[in-house]
Number of protein chains: 2
Amino acid sequence: MNYIDIALKILKDNGYKQTKPRQKVLEILDKSNESLSAYEISDKSGKKLDVVTVYRVLETLEQNNLIHKVVSTGKYRKCYISEKSNLNKCHHNIICKNCGYIEEINCEGMNIIEKVISSNSSFKIENHVLEFYGLCQNCKLD
Amino acid sequence: MNYIDIALKILKDNGYKQTKPRQKVLEILDKSNESLSAYEISDKSGKKLDVVTVYRVLETLEQNNLIHKVVSTGKYRKCYISEKSNLNKCHHNIICKNCGYIEEINCEGMNIIEKVISSNSSFKIENHVLEFYGLCQNCKLD
DNA sequence: CTCGCTGCAAAAAATTTGCACATTG
DNA sequence: CAATGTGCAAATTTTTTGCAGCGAG
């Protein structure tokens with residue numbers, strides 16, 4: 001099952017309706033290799049989706065862990081989901097500074113880092129944001 | 001020498017003028033335990049500083065590595081600087097979800113993580129953003 | 001005295017809200 | 001048909017730009 005179908009199923013399971021705007025936003029994000037803003041998504045829909053609707057759809061999708069906000073830009077990117085569970089996966093991205101291409105990565109070491117930080121500070125750490133920036137395979141060759 | 005004096009000296013050394021707005025913004029950020037937006041800084045100045053000026057001062061301070069933008073909120077926080085060098089220090093923050101208190105931390109492990117990611121992906125990684133969220137000592141007791 | 005910096009006005013961009021109507025289940 | 005979700009209008013918030021005048025060096 002592909003990203004869109006899984007996402008729609010999760011929405012349904014969580015009591016959300018499967019509407020055309022939601023499906024359309026998922027399709028646009030699924031196709032894109034880079035993160036997109038609400039306005040960019042509205043544009044890519046041929047303006048069929050109002051920006052306000054896009055904002056609200058994005059909020060819903062994010063709450064259900066179906067998409068991920070790139071914190072340095074505020075734009076959105078689909079993220080890995082599976083039929084079994086989409087709960088609290090630790091999402092990290094590498095973002096190409098040149099073309100915007102984003103790849104989701106697996107970063108096992110962070111739980112260790114969190115433990116080290118926890119014991120070196122007086123904080124109780126609950127979560128973190130981590131984004132890497134650089135050049136993707138194509139752009140580093142130029 | 002304290003934060004403000006060092007910062008002003010660095011500005012001077014880099015060819016920037018030492019102006020009252022710059023000094024005032026530095027003072028406000030120095031006093032604050034949490035990150036502040038341009039509007040909050042303007043307010044804390046008793047509206048003596050125009051928001052536009054604050055935006056421009058913040059931009060200058062950031063370019064000189066004297067302050068640091070909290071990427072998840074867009075607000076600014078002073079960061080560690082020394083008379084000798086303020087170049088490209090790797091800044092990481094722990095941010096209290098409850099009260100907003102921010103502490104700058106030293107996070108040695110990240111260069112190792114960057115190397116691991118580099119070798120596991122096709123990207124040439126240049127930098128990263130890392131922020132931790134949790135509860136500070138005071139707030140975790142409540 | 002000169003160049004860089006600030007303040008004011010205004011524009012542009014990003015995000016949120018209210019409400020009537022449409023759509024899903 | 002009942003509850004959610006959408007579209008439009010409008011308000012709010014955030015950030016940027018232009019330009020005249022001020023002030024640091």
Side-chain angles (χ1 to χ4, degrees), chain A residues 4-5 7-29 32 34-64 66-77 100, chain B residues 4-5 7-29 32 34-64 66-77 100:
Chain A
I4 298 168
D5 292 335
L8 288 172
K9 182 179 183 311
I10 290 173
L11 283 179
K12 193 179 174 187
D13 291 348
N14 292 349
Y16 294 87
K17 291 179 180 174
Q18 291 186 199
T19 66
K20 279 175 192 169
R22 285 174 182 162
Q23 178 153 358
K24 188 73 190 164
V25 169
L26 285 167
E27 280 170 17
I28 291 170
L29 285 173
S32 177
E34 54 191 317
S35 58
L36 299 173
S37 70
Y39 273 91
E40 288 166 341
I41 292 170
S42 175
D43 287 349
K44 279 182 189 287
S45 79
K47 309 262 189 189
K48 281 173 197 154
L49 298 180
D50 191 283
V51 193
V52 176
T53 301
V54 176
Y55 271 107
R56 291 194 269 226
V57 168
L58 289 172
E59 195 185 356
T60 302
L61 298 180
E62 192 182 27
Q63 283 166 356
N64 286 274
L66 305 175
I67 61 173
H68 181 235
K69 188 180 204 164
V70 176
V71 77
S72 57
T73 59
K75 299 186 179 191
Y76 289 87
R77 176 90 172 105
Chain B
I4 298 168
D5 292 334
L8 288 172
K9 181 178 183 314
I10 290 172
L11 283 179
K12 193 180 175 186
D13 291 349
N14 292 349
Y16 293 88
K17 292 181 180 172
Q18 293 186 198
T19 66
K20 281 175 190 168
R22 285 174 182 162
Q23 177 153 357
K24 188 73 190 165
V25 170
L26 286 168
E27 281 170 17
I28 290 170
L29 285 173
S32 177
E34 54 191 318
S35 58
L36 299 172
S37 70
Y39 272 92
E40 288 165 340
I41 292 171
S42 175
D43 286 348
K44 278 182 190 288
S45 79
K47 310 261 189 189
K48 280 172 197 155
L49 299 180
D50 192 282
V51 194
V52 176
T53 301
V54 176
Y55 270 106
R56 291 194 269 224
V57 168
L58 289 173
E59 195 185 356
T60 302
L61 298 180
E62 191 181 28
Q63 282 166 358
N64 287 275
L66 304 176
I67 61 174
H68 181 236
K69 189 179 202 166
V70 176
V71 77
S72 57
T73 59
K75 300 186 179 190
Y76 289 87
R77 176 90 171 104

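Per chain, numbering begins at 1; letters A, B, ... match sequence-line order. Model, not experiment: these values are computed from the prediction.
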> Nearest whole Å is fine: how far is D:dC8 P from A:Lys47 NZ?
12 Å
> Please report, rounded to the nearest Å, how far the C1' atom of C:dC5 is from the CG atom of B:Leu61.
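From B:Leu61 CG to C:dC5 C1': 13 Å.
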> Is it true that A:Lys69 and A:Glu62 make a salt bridge, defined as a side-chain N closer than 4.0 Å to a carboxylate O?
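Result for this pair is no, no salt bridge flagged.
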> Applying a 4.0 Å non-hydrogen cut-off, can you work out what A:Lys24 is touching in the nucleic acid: base, sugar-phosphate, or nothing?
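No contact at all - A:Lys24 keeps every heavy atom at 4.0 Å or more from the nucleic acid.
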> At under 4.0 Å between heavy atoms, what does A:Lys75 touch on the DNA or RNA strands: base, sugar-phosphate, or nothing?
nothing
> Closest nucleotide of DNA chain D for B:Ser37 versus for A:Val52: which of these residues is on the 5' side?
A:Val52
> May I ask you to decide if B:Leu66's main-chain N or O and B:Asn64's side chain share a donor-acceptor pair within less than 3.5 Å?
no
> Can a side chain N or O of B:Thr19 be found less than 4.0 Å away from OP1 or OP2 on D:dA24?
no
> Quick one: A:Asp50 CG to D:dA9 P, roughly how many Å, whole number?
9 Å
> In whole angstroms, how far is the P atom of D:dG7 from the NZ atom of A:Lys48?
12 Å
> Rounded to whole angstroms, how far apart are CG on B:Leu58 and P on D:dT14?
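The distance from CG of B:Leu58 to P of D:dT14 comes to 14 Å, rounded to the nearest Å.
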> Does a distance-only test, which skips hydrogens and angles, find a donor-acceptor pair under 3.5 Å between the side chain of B:Arg56 and the base of C:dG7?
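In this structure, the two groups form a donor-acceptor pair.
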> Roughly, in whole Å, what's the span from CD in B:Glu59 to P in C:dG4?
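Taking atom P of C:dG4 as the reference, CD of B:Glu59 is at 16 Å.
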> Could you check whether A:Lys9 pairs with A:Asp13 (Lys NZ or Arg NE/NH1/NH2 to Asp/Glu carboxylate O, under 4.0 Å)?
yes
> Take atom CG of A:Asp43 and atom P of C:dA13, then tell me their distance rounded to the nearest Å.
12 Å
> Any non-hydrogen side-chain atom of B:Leu26 less than 4.5 Å from a side-chain atom of B:Val57?
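No - every pair of side-chain heavy atoms lies 4.5 Å or more apart.
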> Using heavy atoms to find the nearest nucleotide of DNA chain D for B:Ala38 and A:Thr53 separately, return the residue whose nucleotide is more 5′.
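Mapping each residue to its closest nucleotide by heavy atoms, the 5'-most match is A:Thr53.
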> With sugar-phosphate meaning primed atoms plus P, OP1 and OP2, does B:Tyr16 contact a base, only sugar-phosphate, or nothing at under 4.0 Å between heavy atoms?
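The residue B:Tyr16 makes sugar-phosphate contact but no base contact.
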> From the list C:dA14, C:dT24, C:dC5, which nucleotide is the closest neighbour of the side chain of B:Lys17?
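The answer is C:dC5, which lies nearest to the side chain.
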> Considering heavy-atom distances to DNA chain C, does A:Lys12 or B:Val57 have its closest nucleotide positioned more toward the 5' end?
B:Val57
> Among the candidates D:dG25, D:dT17, C:dT15, find the nucleotide nearest to the side-chain atoms of A:Tyr55.
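Out of D:dG25, D:dT17, C:dT15, the nucleotide with an atom closest to A:Tyr55's side chain is C:dT15.
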> Please find the pair of heavy atoms, one from B:Val70 and one from B:Ser35, that lie closest to each other, and give the distance.
CG2-CB, 3.8 Å
> Without decimals, in angstroms, what is the distance between B:Gln63 CD and C:dC5 C1'?
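Roughly 14 Å, once rounded to whole Å.
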